[in-house]
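Okay, so here's the structure we're looking at.
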Protein chains: 2
Amino acid sequence: MKNNLKIERRIKNLTQEDLAKMIGVSRQTINSIETGRYVPSTILALKISAVFEKSVNEIFSLEVSD
Amino acid sequence: MKNNLKIERRIKNLTQEDLAKMIGVSRQTINSIETGRYVPSTILALKISAVFEKSVNEIFSLEVSD
DNA sequence: AAGAAATGTAAAGTATGTTTGTCATATTGA
DNA sequence: TCAATATGACAAACATACTTTACATTTCTT
């Protein structure tokens, strides 16, 4: 699964830690999602979606390997 | 987290097992998501989104408890 | 260039998703 | 009504998400 987190974060000028605090997870969790080390739960994706005011589908997308 | 799975399934006339097979999970996984027993991964949400041709946000939504 | 802030990553532990198997109940259709 | 099909739910085992701590590396600011 791919994601635009880094880009969306830059648009809103948020650090990984800022975003983490906004949605109530650890900074490492954001980092791990961004670097593709793991796939977030749908609740997390929805919270991220709310922060960036974009749909989950606009932020996350399936790859062939999924 | 709430979801419209049951309604969307009815619209497309799919059983839990049909949907499960389409996205490659077990029937119990679909059942558990539908009845709110657990929150799916974002990959699963995106696959479900693809089946119903609706965004993840249209199918799943946050509740205050999230 | 130097110090501060931001990021990447790893290990260990806890929590939660997912599968398989199984059974009970509800719903549908002849 | 009877049988078939669909759904809800539980338990055990396993996989993966997530936290915390900690440290190294990169990027930013001056």
Side-chain angles (χ1 to χ4, degrees):
Chain A
M1 199 190 55
K2 281 187 359 181
N3 74 79
N4 296 127
L5 238 57
K6 189 173 291 194
I7 293 167
E8 297 295 342
R9 252 191 333 103
R10 292 273 160 89
I11 291 173
K12 293 246 171 196
N13 214 43
L14 297 173
T15 67
Q16 292 181 344
E17 188 156 22
D18 290 337
L19 178 58
K21 280 181 181 156
M22 290 174 83
I23 66 182
V25 294
S26 70
R27 179 182 68 79
Q28 288 78 351
T29 294
I30 298 298
N31 185 281
S32 298
I33 293 168
E34 248 180 47
T35 57
R37 239 169 306 123
Y38 66 68
V39 174
S41 72
T42 300
I43 286 186
L44 234 68
L46 287 171
K47 288 180 178 174
I48 291 169
S49 164
V51 167
F52 296 131
E53 302 167 295
K54 298 202 174 169
S55 74
V56 170
N57 302 66
E58 285 173 305
I59 300 169
F60 298 92
S61 51
L62 291 172
E63 292 179 297
V64 276
S65 54
D66 299 326
Chain B
M1 200 188 58
K2 279 185 1 180
N3 73 79
N4 296 129
L5 238 58
K6 190 173 292 196
I7 293 167
E8 296 297 342
R9 247 186 343 98
R10 291 274 160 88
I11 291 173
K12 292 246 174 198
N13 214 41
L14 296 173
T15 67
Q16 293 180 343
E17 187 156 23
D18 290 337
L19 178 57
K21 279 182 181 155
M22 289 174 84
I23 66 183
V25 295
S26 69
R27 180 183 68 80
Q28 287 80 347
T29 294
I30 299 299
N31 185 282
S32 299
I33 294 169
E34 249 181 46
T35 57
R37 240 168 306 122
Y38 65 69
V39 173
S41 72
T42 299
I43 286 186
L44 234 67
L46 287 170
K47 287 180 179 174
I48 290 170
S49 164
V51 167
F52 295 131
E53 302 169 293
K54 299 203 172 167
S55 74
V56 170
N57 303 65
E58 286 173 304
I59 299 169
F60 298 92
S61 50
L62 291 173
E63 291 179 297
V64 275
S65 55
D66 299 328

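Every chain is numbered from 1 and lettered A, B, ... according to where its sequence line falls, protein lines coming before strand lines. Everything numeric here is computed off the predicted structure, so don't read it as measured data.
- Going from atom CD of A:E34 over to atom C1' of D:dT27 covers 15 Å, rounded to whole Å.
- Between A:F60 atom CZ and D:dA17 atom C1' there is a gap of 13 Å when expressed in whole angstrom units.
- Under 4.0 Å is where a charged nitrogen must lie from a carboxylate oxygen, and between A:E53 and A:K12 at least one such pair does.
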Sub-3.5 Å pairs of nitrogen or oxygen atoms, protein against nucleotides 14-17 of chain C:
| from | atom 1 | to | atom 2 | distance (Å) |
| --- | --- | --- | --- | --- |
| C:dG17 | OP1 | B:V39 | N | 3.2 |
| C:dG17 | OP1 | B:V39 | O | 3.3 |
| C:dG17 | O5' | B:V39 | O | 3.3 |

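- Atom-to-atom, CD1 of A:I43 to P of D:dT16 comes out at 20 Å; the value is rounded to the nearest Å.
- Here B:S26 lies in heavy-atom contact (under 4.0 Å) with a base.
- Spacing between atom NZ of A:K21 and atom P of C:dA5 amounts to 12 Å, rounded to whole angstrom units.
- OP1 or OP2 of C:dT22 has not a single side-chain nitrogen or oxygen of B:Q28 nearer than 4.0 Å.
- One side chain, B:T29 or B:S26, offers a donor N or O that lies under 3.5 Å from an acceptor on the other.
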side-chain contact (heavy atoms from CB on, under 4.5 Å) for A:L44 and A:I33? Distances and angles first, verdict last. CA-CA 10 Å; A:L44 234 68; A:I33 293 168; 3.7 Å; yes
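- Taking atom CD on B:E17 and atom P on C:dT20, their separation rounds to 12 Å, with Å as the unit.
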Verdict with supporting geometry, A:F52 and A:E58, side-chain contact (heavy atoms from CB on, under 4.5 Å): CA-CA 10 Å; A:F52 296 131; A:E58 285 173 305; over 6 Å; no
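- The nearest heavy atom of DNA chain C to B:R27 and to B:S32 marks one nucleotide each, and the one closer to the 5' end goes with B:S32.
- Checking the phosphate oxygens (OP1, OP2) of D:dT5, no side-chain nitrogen or oxygen of B:Q16 falls inside 4.0 Å.
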Which is it for B:M22 and B:L14 under the side-chain contact (heavy atoms from CB on, under 4.5 Å) test, yes or no, and what are the steps along the way? CA-CA 10 Å; B:M22 289 174 84; B:L14 296 173; 3.8 Å; yes
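- Summarising the geometry, the separation between CG on B:L5 and P on D:dG8 is reported as 11 Å, rounded to the nearest angstrom.
- Straight-line distance from the CD1 atom of A:I33 to the C1' atom of C:dT7: 15 Å, rounded to whole Å.
- A straight line from CZ of A:R9 to C1' of C:dG8 spans 12 Å, rounded to a whole angstrom.
- A:N4 contributes no side-chain N or O that, together with a main-chain N or O of A:F60, makes up a donor-acceptor pair within less than 3.5 Å.
- Backbone-only contact: A:T15 has heavy atoms under 4.0 Å from sugar-phosphate atoms and none from a base.
- Dashed line: the shortest gap from a side-chain N or O of B:K6 to OP1 or OP2 of D:dG8 is under 4.0 Å.
- Phosphate contact (OP1/OP2 of D:dT7, side-chain N/O of B:N31, threshold under 4.0 Å): absent.
- Not a single donor-acceptor pair under 3.5 Å links the side chain of A:N57 to the backbone N or O of B:S55.
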